[in-house]
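Note that this is a predicted model, so its numbers are computed, not measured.
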Amino acid sequence: MFRLQSLAARSLIAGAFDPYTPLTLISLPSLNGVRHKSQDPSIERYGQMRFSTAEPKVASGILHEKMREKILSMETLNPHVKAVEYAVRGPIVIKAGEIERCLEEGVTKPFSEVIKANIGDAHAMGQQPITFLRQVVALCTFPELMDGPSFPEDAKWRARRILQGCGGNSLGSYSASQGIEHIRKDIAAYIEQRDEGVPSYWENIFLTTGASDGIMTILRLLVSGKGSSRTGVMIPIPQYPLYSAAISEMDAVQVNYYLDEDNCWALDINELHRAYQAAKKHCQPRVICIINPGNPTGQVQSKKCIEEVLHFAYEENLFVMSDEVYQDNVYASDCQFHSFKKVLYEMGPEYFNSVELVSFHSTSKGYTGECGFRGGYMEVINMDPEVKAQLVKLLSVRLCPPLAGQAAMDVIVNPPQPDEPSFKQFYQEKTAVLGALAEKAKLTEQFLNAVPGIQCNPVQGSMYAFPRIFIPPKAVEEAKARMQPDMFYCMRLLEETGICVVPGSGFGQKDGTYHFRMTILPSTEKLKVLLGKVRDFQVKFLKEFSALEQLQR
């Protein structure tokens, strides 16, 4: 009873009683529980009723006249947030989820499952974890496992070393905002080995929550200005939607440069100059972003291409952001991954000591596919020391990246060596994953190119194909009243076959061209099913809009 009286008192102070209740009826009980003569006995009943019947009153509309408007509504929402789009998890994927629920409820569809080829989530597509990585992270998470014989000594050694860098020897502690020091040193050693002796300094390494976190952080440092002085960010088209989303959220200016589809999505230096000169009329281009190997396009840029980009950045005084998360995913025999840092070094001191460059890597791709750990790093080159201090300050706001992700990143840059007990199994698993991806890359290219109205460039790297699709004029006209034509195509594909891919318009494409992005991650058997359904749908789609005979002439 005392508790209810206290609640009633607090309600009065907060102005929670009905404003039409006379003040004489709501005098408070004394502290010793004796009721004042002027107090109405209904007060206690009112307090009980207020807390027990609030929801029914709202439901019945009794309190409707007192309901206030939402503080946060679509009208008051930050307009830059409303401008953000992220096609990889957009309307198609939402629809796919709805269809999956229908299938679970027993609704009859012309297919038995939804095959989600919309995102590069390796483990969700059935790829098995790399045993050694999981062993090390498991040991870090539950060190008591080190007392048993189930784990190899090289995994235990790495786990102990990682835990020594953690507060309290626990993965549950915070680390320095830049990441655990000896993991940063391991990354620097890995980069030096990868780049055949090009120096790397651990003080320039920052652990991140996946590569996305690092990319967003660097863009926050770069974006400034208003009007014609707003920061322009040059991004490839097609692009990964993280970039366009970040640019919208930060109110920067997106400067598109188009990759050359007719030349296997190569970077064209003339196109860079065109985009830069056009952008200078309404903003200040300050940064150029490159994704290599490409997402969504799957190309691997040549060394000559990279040299041209770096020379362009040097001449136009542009900050370079190199997204290299797919550096292990190179399949074409005539292609090789070249890091932007190594190419910059080989261009000589004039370039290497002046061009500002940040490169990014991640646990999410490569042969490990550990997306859920959210591990990653960035290496900064030629950043002003005072700006670097500001970067550390900005990173400190989010305290530190997840320590489990840092541990996973350490295993990737410090894998088992040939003289260690885990090497044989690790090597077999790594080569099996990358070998299977290479086979599926070739299979996807060859299969799609045999389908009428579809053209697919070689999938040289990463884990996606970005085929061009012919959409008949009649279908374009039918679609335009409601949505983009390639969205119309992909939605029809999903609803009729259960195949979930992402329309090219979500990544950007030249006007008048249509594409979709699909991942090559499903198992070979499931990928063949997927590709067969795409072929059958495409033929049916062309027949429906009277275009198949036209293409076969």
Side-chain angles (χ1 to χ4, degrees), residues 59 74 82 84-128 240-242 245 296 364 369 371-372 440 443-444 447-448 451 453-454 463-467 469 471-472 474-507 514-545 548:
M74 289 304 293
K82 287 193 279 189
V84 170
E85 295 182 1
Y86 191 68
V88 174
R89 294 178 184 254
I92 292 283
V93 184
I94 294 171
K95 183 66 175 179
E98 293 173 0
I99 292 173
E100 280 186 315
R101 286 189 289 274
C102 288
L103 289 171
E104 290 170 1
E105 293 167 3
V107 177
T108 302
K109 296 282 184 183
F111 46 86
S112 59
E113 67 172 332
V114 173
I115 301 178
K116 290 184 177 178
N118 61 293
I119 194 167
D121 190 348
H123 291 195
M125 290 287 101
Q127 180 177 312
Q128 294 302 300
Y240 178 54
L242 164 68
S364 301
C371 302
K440 290 185 286 187
L443 169 67
T444 301
F447 200 108
L448 290 176
V451 178
I454 296 183
M463 47 186 64
Y464 313 99
F466 197 66
I469 50 176
I471 300 182
K474 288 182 181 179
V476 171
E477 288 305 313
E478 181 174 330
K480 278 188 173 177
R482 292 173 287 164
M483 61 186 75
Q484 291 282 353
D486 53 1
M487 173 68 82
F488 173 75
Y489 180 96
C490 292
M491 194 66 78
R492 286 276 303 265
L493 176 66
L494 172 64
E495 291 172 340
E496 296 179 24
T497 70
I499 303 300
C500 179
V501 296
V502 189
S505 52
F507 302 89
Y514 305 106
H515 303 77
F516 64 78
R517 188 192 80 161
M518 58 165 283
T519 179
I520 62 170
L521 286 171
S523 66
T524 302
E525 294 72 23
K526 188 162 286 190
L527 183 61
K528 287 178 179 177
V529 171
L530 185 158
L531 293 169
K533 288 189 173 187
V534 169
R535 176 195 57 207
D536 295 344
F537 171 82
Q538 172 72 356
V539 171
K540 178 175 173 289
F541 188 80
L542 293 175
K543 285 180 178 178
E544 178 181 345
F545 292 99
L548 183 58

Item to complete: Would you confirm whether Asp486, through its side chain, and Tyr514, through its main-chain N or O, come within 3.5 Å as a donor-acceptor pair?
Response: no

Worksheet item: Any side-chain heavy atom of Val534 sitting closer than 4.5 Å to one from Phe516?
Response: yes

Worksheet item: Quick one: side chain to side chain donor-acceptor pair (under 3.5 Å) partners of Lys440, sequence neighbours excluded?
Response: none

Worksheet item: How close do Ile520 and Thr444 get, heavy atom to heavy atom, and via which atoms?
Response: CG2-OG1, 3.6 Å

Discussion item. I'd like to check Leu103 versus Val114 (side-chain heavy atoms, cut-off strictly below 4.5 Å). Are they in contact?
Written reply: yes

Worksheet item: Hey, what do you get for CD1 (Ile115) to CG (Leu527), rounding to the nearest 0.5 Å?
Response: 9.0 Å

Worksheet item: Heavy-atom distance under 4.5 Å between the side chains of Ile454 and Arg535, does that happen here?
Response: no

Fill in: Glu495 side, atom CD; Cys500 side, atom SG - distance, nearest 0.5 Å
11.5 Å

Item to complete: Report yes if some heavy atom in the side chain of Gln484 is under 4.5 Å from a heavy atom in the side chain of Pro503; otherwise report no.
Response: no

Response to the item:
By side chain to side chain donor-acceptor pair (under 3.5 Å), Lys526 pairs with (sequence neighbours left out) Glu113

Discussion item. Quick check for you: to the nearest 0.5 Å, what is the distance between Met487 atom CE and Met491 atom CE?
Written reply: 5.5 Å

Worksheet item: What residues, two or more places apart in sequence or in another chain, satisfy side chain to side chain donor-acceptor pair (under 3.5 Å) together with Glu100?
Response: Lys116

Worksheet entry | Thr519 (side chain) donor-acceptor with Met463 (main chain) under 3.5 angstrom | yes

Worksheet item: With Lys540, which residues qualify under side chain to side chain donor-acceptor pair (under 3.5 Å), at least two apart?
Response: Glu496

Fill in: Smallest separation among heavy atoms of Gly120 and Tyr464, with atom names
CA-OH, 3.4 Å

Discussion item. Phe537: which residues meet the ring-ring contact (aromatic ring centres under 6.0 Å, His included) condition with it, sequence neighbours left out?
Written reply: Tyr489, Phe541

Item to complete: Give the C-alpha distance, both sets of side-chain angles, the deciding distance and a yes or no for side chain to side chain contact (heavy atoms under 4.5 Å, CB included) between Val502 and Cys490.
Response: CA-CA 7 Å; Val502 189; Cys490 292; over 6 Å; no

Discussion item. In the structure I gave you, are the side-chain heavy atoms of Leu531 and Leu443 within less than 4.5 Å of one another anywhere?
Written reply: yes

Practice prompt. Write down the atom of Ile471, the atom of Pro485, and the distance for their closest heavy-atom approach.
Written response: CD1-O, 3.6 Å

Worksheet item: So, do Leu494 and Ile99 sit near enough that their side-chain heavy atoms are less than 4.5 Å apart?
Response: yes

Worksheet entry | Any donor-acceptor pair under 3.5 Å from Gln128 side chain to Gly126 backbone | yes

Worksheet item: If you measure from CD1 on Ile119 to CG on Leu521, what distance do you get to the nearest 0.5 Å?
Response: 10.0 Å

Discussion item. Heavy-atom count check: over 12 atoms from other residues, nucleotides or ligands less than 6.0 Å from Lys533 NZ?
Written reply: yes

Worksheet entry | Non-neighbouring partners of Phe466 that pass ring-ring contact (aromatic ring centres under 6.0 Å, His included), sequence neighbours left out | Trp265, Phe507, His515

Practice prompt. Locate the shortest heavy-atom distance separating Lys109 from Cys102; write the atom from each residue and the value.
Written response: CE-CB, 4.3 Å

Worksheet entry | Closest contact, heavy atoms only, Cys371 versus Ala122 | SG-N, 4.4 Å

Practice prompt. Check step by step if side chain to side chain contact (heavy atoms under 4.5 Å, CB included) holds for Met518 and Ile499.
Written response: CA-CA 10 Å; Met518 58 165 283; Ile499 303 300; over 6 Å; no

